[in-house]
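Working notes for the structure below.
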There are 2 protein chains.
Amino acid sequence: MSDRDQVTIFDVAKTAGVSGSTVSRVVNGYEHIAPRTRAKVLAAMEELGYVADTRARSLAGGKTNVIGVLVDGMGSAFMTELLRGIDDAISSSGMDMMLCTTNSRVGKEVEYATKLANGMVDGLVVAIPSELSLYLSTLKDRSVPHVLIDIDNEDRDTSMVKVDNRSGARRMTEHLLGLGHRRISMITGNLDVESARERIVGFREAMADAGLVDTDELVVPGDFNRPSGYEAAVELLARPVPPTAIFASSDEMAFGVMRAAAERGMLVPEHLTVVGFDDVPESSWVQPALTTVRQPIQEIGRRAIGLLLDEIRSPGGGAVSLELKTSLVARASSGPPSDVGAMQRHTAPQS
Amino acid sequence: MSDRDQVTIFDVAKTAGVSGSTVSRVVNGYEHIAPRTRAKVLAAMEELGYVADTRARSLAGGKTNVIGVLVDGMGSAFMTELLRGIDDAISSSGMDMMLCTTNSRVGKEVEYATKLANGMVDGLVVAIPSELSLYLSTLKDRSVPHVLIDIDNEDRDTSMVKVDNRSGARRMTEHLLGLGHRRISMITGNLDVESARERIVGFREAMADAGLVDTDELVVPGDFNRPSGYEAAVELLARPVPPTAIFASSDEMAFGVMRAAAERGMLVPEHLTVVGFDDVPESSWVQPALTTVRQPIQEIGRRAIGLLLDEIRSPGGGAVSLELKTSLVARASSGPPSDVGAMQRHTAPQS
DNA sequence: CCCCTTCTTGCAAGCGATTGCAAACAGTGT
DNA sequence: ACACTGTTTGCAATCGCTTGCAAGAAGGGG
């Protein structure tokens, strides 16, 4: 289709009165080129409106200047933010992005990884939380530079960037404990995801440190999405002895919790403390603003691209793992426990 | 990089004991192939784990099986939804997507369009609301199939899909009028965008029909994003005679308005009616749920891809324009105006 | 003024796949 | 058995660009 009247390197060569190879060298910034020749070529390129054909370029051994991004889906606010960071970094590096979504279709990841590895891209960043990292071997075999995001892989041989989920969850739990809460419930993320599990660990650790060991029934399953937060909260709030604080493993789920609370006529944080994890943009907008564990989402994306570019530009640098810090953002949705449903409150009340 | 030990069509050919061309034909589902040969080739492909090299394939004249998507950015909920629809349609058609964002960088659109048109993709869907459609000529010159989304272009020669913004806005305004509102304010979208302008027209028409002609100071500028809605609302609500209803040209902005109202201690819809446009998922989640004009966002994306695929598969079908219908979704954020005295007591603080 | 080194630049061989053309094969009808 | 039609395959040219190799040009030292 597009092959009609395409301006090739040879057209430029002819107008500039040089050979095709010379044009190629000019285009690729080769150094040993007479200034005058370079100028002529540049002029010809300009005149003809030459644009390199990515396909041919990469087929012949050059770079594609495209970075592949493999994600599960782009529905969540977290992913949107992550993609922003990634996109930002990619485009300011002058490269282009090829986004592929697996939409949780099993096997699609491998298919994409193979296809992309087959010359479509110079490098790949993968943000699919899945244990089945079959695609990893493909990537390695073909030695395609790649970076994993938020995926825990025993294989210390792969570059990746993640955040300190465990201590983030821990700190948040301590915050809640400090406020005087004891019956703190956690709604987990999708347990297939490593970071979801780490958050649980952080939560349990903090609880245990406070002498609260029997947390089993306080930890209820969710999947990071809003509806699951809502449903979990409906169930929790309907219990004979409901929790005074709910720690959702994602802000998205926390919004679901808030809704469930509102429907029950409960005020946040007066009757129920609700906190989340992620700090997506919406969190500072909701009413009341959400107390949450902030992870530098866009930064994660930018860092991943940074690592990838390093590897692309100078291969063989070895795998690098980055763990970014999380921080607690205390806003309006958390407060001391209400004494309304007060059972034996052997807890030190705050102000 | 990736060129190490790649399985080519010739490797398959050798294992199957046939020629490369035959393998190519099998891969592309050519008909005149002896069943037995086909079987042998298929077996060899399977055995070697052959994956076609997209670059080579398209260079040689085949298709890339990649659809390019050109958008401004993916931050907004609207865009997220649109991309979902697009992604959905693309992947269920077996093709892949290449997403490029211009991030409002001037000129980037043309650069991308050219590059993509240069063989990277089989077709292109563009969703950049901009008057400057310089890229259009490139697309046409190279006869790359393309579809425009939500872009109004006089050029009846380009396929596009959009929604009926005008009557949507009109109907919403009538709804507000029907509720008894008279001082209805509209916060506009980015005026560079055609659909933003159409919504204003719909609003003005309905107001005029109700005898409300002097709407100039009721229409205030926004840019579709949340903060602009917030700011506009802050200004509106501080007026000596504030509107009783605010019609935001996007749900995003409506959320901003809700926040401004909350900060002023106003209840929605008791003291202020707030409505939006789009019906993004969040709209049914907020409290109170937002009354809005629904546009089938994902559907828009799906339709656009449908049109594009048609054109790719059988070129020359001529341009097709689709205009999808909008519909009014009445939820909790709209109600009759609060009593006239409200303004006299310059928005009294609540409880 | 010649020889050697350092620049510049062109030639030509790929990269992996598609495809027009034509040769090699069948299958039929007579 | 022969010409004829239609099916299967392989050959080789191409797509646009990169790059190793080597030749021509330019500059320095002896």
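Below, chain A is the first sequence line, B the second, and so on; all start at residue 1. Note that the coordinates shown come from a computational prediction; the quantities given were computed from them, not determined experimentally.
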Problem set entry | Nucleotide nearest A:Ala60 (side chain, heavy atoms from C-beta), chosen from D:dG10, C:dC15, C:dA17 | C:dC15
Exercise. If you measure only the distance, is there a donor-acceptor pair under 3.5 Å linking the side chains of A:Ser21 and A:Ser24?
Worked result: no
Problem set entry | Nucleotide nearest A:Thr22 (side chain, heavy atoms from C-beta), chosen from D:dC17, C:dG10, C:dA17 | C:dG10
Exercise. Of the nucleotides D:dT8, C:dT8, C:dG16, which has the atom closest to the A:His32 side chain?
Worked result: C:dT8
For this session: Go through the N and O atoms of the side chain of B:Ser58 and the base of D:dC15, and report whether any donor-acceptor pair is under 3.5 Å.
Result: no
Seminar exercise, completed: Rounded to whole Å, the CZ-P distance (B:Arg36 to C:dA26) equals 12 Å
For this session: Ignoring hydrogens and angles, answer whether the base of D:dC11 and the side-chain atoms of B:Ser19 contain a donor-acceptor pair closer than 3.5 Å.
Result: no
Problem set entry | For atom CG of A:Leu59 and atom P of C:dA13, their distance in whole Å | 18 Å
Seminar exercise, completed: Per atom distances to the B:Ile33 side chain, the nearest of C:dG16, D:dC17, D:dT9 is D:dT9
Problem set entry | Of B:Asp96, B:Asn65, B:Asp53, B:Thr54, the residue whose pairing with A:Lys115 passes side-chain hydrogen bond (donor to acceptor under 3.5 Å, both in side chains) | B:Asp96
Exercise. Knowing that exactly one of B:Arg303, B:Arg84, B:Glu81 qualifies, which makes a side-chain hydrogen bond (donor to acceptor under 3.5 Å, both in side chains) with B:Gln298?
Worked result: B:Glu81
Exercise. Which one, D:dC17, C:dG10, C:dG16, comes nearest to the side chain of A:Arg57?
Worked result: D:dC17
Exercise. Which residues within residues 23-30 of chain A lie with some heavy atom under 4.0 Å of an atom in DNA chain D?
Worked result: A:Ser24, A:Arg25, A:Asn28
Problem set entry | Heavy-atom side-chain contact between B:Leu309 and B:Met95 under 4.5 Å | yes
Exercise. Any idea which of C:dT19, C:dG10, C:dT18 is nearest the B:Ile9 side chain?
Worked result: C:dT18
Exercise. Among the nucleotides C:dT19, D:dC17, D:dT8, which one has an atom lying closest to any side-chain atom of A:Ala56?
Worked result: D:dC17
Problem set entry | Minimum-distance nucleotide (side-chain atoms of B:Thr37 versus D:dT8, D:dC17, D:dG10) | D:dT8
Seminar exercise, completed: Winner on side-chain proximity to B:Phe10, out of C:dT8, D:dC17, C:dA17, is C:dA17
Seminar exercise, completed: Which of A:Val41, A:Leu42, A:Val18 passes side-chain contact (heavy atoms from CB on, under 4.5 Å) with A:Val12? It is A:Val41
